[in-house]
S.K.: 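Here you go, one structure.
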Amino acid sequence: MERALPFAVLISGRGSNMLALARAATEGRIAGRVATVISDQPGAAGLAEARRRGLATEVVEPARGADRATFGHALTTILERHGAELVVLAGFMRILDAGFVRHWQGRLLNIHPSLLPAHRGLHTHRRVLAAGDAQHGCTVHFVTEELDAGPAVIQGRLTVNPGDTVESLSARVQQLEHIIYPRAVGWFANGRLGWKDGAALLDGRPLAAAVIEDQQ
Ligand code: GRF
């Protein structure tokens with residue numbers, strides 16, 4: 001049987017992307033398995049759901065007054081204990097320190113709810129509507145030290161409709177997230193997606209632009 005790549009999913013909230021990934025793994029759609037689900041929020045809904053599904057879970061809360069690097073070390077210790085070979089950020093609402101990012105460079109993915117490089121940071125749906133953007137979506141990217149700026153791997157793209165609201169956009173973008181994140185993790189798990197000298201590689205070739213998945 002094909003070896004299943006152990007990956008960790010880091011969450012702070014609902015965990016719908018974590019569930020999409022866990023489902024893809026258990027259904028054999030990706031050659032990976034969830035080694036552990038880690039949250040900085042003990043009450044995260046996604047953590048309870050992960051436990052219900054029998055996944056290993058961990059809570060890592062920053063010690064009072066501790067700096068980011070200490071938190072990053074604690075996280076790495078847990079990740080290594082679970083044998084994680086890929087770290088998948090899925091709604092993890094904490095900025096990771098440069099040492100952590102360097103340690104996991106090329107093995108650290110994030111999903112962001114915009115068509116990066118447009119709308120880095122928070123409140124992307126609101127900002128898309130305020131800007132009158134014709135298109136919106138989500139991006140899976142490798143994490144680098146600059147927030148939401150690492151090389152993009154795959155984007156899900158949709159057309160903004162006249163009646164769209166923050167809520168409708170959020171729901172439509174999430175549907176796309178649940179398609180593109182398992183796809184990216186699947187590529188990594190079977191060795192198609194990699195990292196070299198600061199660039200994302202797909203099938204050994206640098207990705208000049210993210211692969212696009214369009215929603216009609
Ligand atoms: C997603 O919209 C993702 O783009 C952003 O945080 C949200 C997490 O949602 N980074 P969920 O917890 O996976 O449901």
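Start at 1 and go down the list; that is how both ligands and their atoms are numbered. The structure presented is a predicted model; accordingly, all values stated were derived computationally and were not measured.
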S.K.: Around atom 9 (O) of ligand 1, find the nearest protein heavy atom and jot down its residue, atom name and distance.
M.R.: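 Here the nearest protein heavy atom works out to Gln174 NE2, 3.1 Å.
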S.K.: A cation-pi test, strictly: NZ or CZ of Arg94 under 6.0 Å from the centre of the six-membered ring of Phe71 and no more than 45 degrees from its axis. Yes or no?
M.R.: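 Yes.
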S.K.: Salt bridge check: are Asp133 and Arg127 linked by an N-O gap of less than 4.0 Å?
M.R.: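 So Asp133 does not pair with Arg127 through a salt bridge.
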S.K.: Is Arg14 salt-bridged to Glu49, cutoff N-O under 4.0 Å?
M.R.: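 Looking at Arg14 and Glu49, the cut-off is not met.
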S.K.: I need the nearest protein heavy-atom contact for atom 8 (C) of ligand 1: residue, atom name and distance, please.
M.R.: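 Protein heavy atom at minimum distance: Gly91 CA, 3.6 Å.
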S.K.: How far is atom 14 (O) of ligand 1 from its nearest protein heavy atom, and which residue and atom is that?
M.R.: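 The closest heavy atom on the protein side is Ser16 OG, 2.5 Å.
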S.K.: Judged by modelled atom types alone, do Thr139 and Gln155 share a side-chain donor-acceptor pair under 3.5 Å?
M.R.: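 Result is yes, a qualifying pair exists.
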S.K.: Short list, please: which atoms of ligand 1 are under 4.0 Å from a heavy atom of Glu177?
M.R.: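 Once the distances to Glu177 are compared, the set is 1 (C), 2 (O), 3 (C), 4 (O).
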S.K.: Give me the residue, atom name and distance of the protein heavy atom closest to atom 10 (N) of ligand 1.
M.R.: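 The protein heavy atom lying closest is Ile111 O, 3.0 Å.
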S.K.: Could you tell me whether the side chains of His125 and Glu167 share a donor-acceptor contact shorter than 3.5 Å?
M.R.: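 Not at all, the side chains of His125 and Glu167 share no donor-acceptor pair under 3.5 Å.
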S.K.: Checking a contact table here: which protein heavy atom is nearest atom 12 (O) of ligand 1, and how many Å away?
M.R.: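 Atom 12 (O) of ligand 1 sits closest to the protein heavy atom Gly15 N, 2.8 Å.
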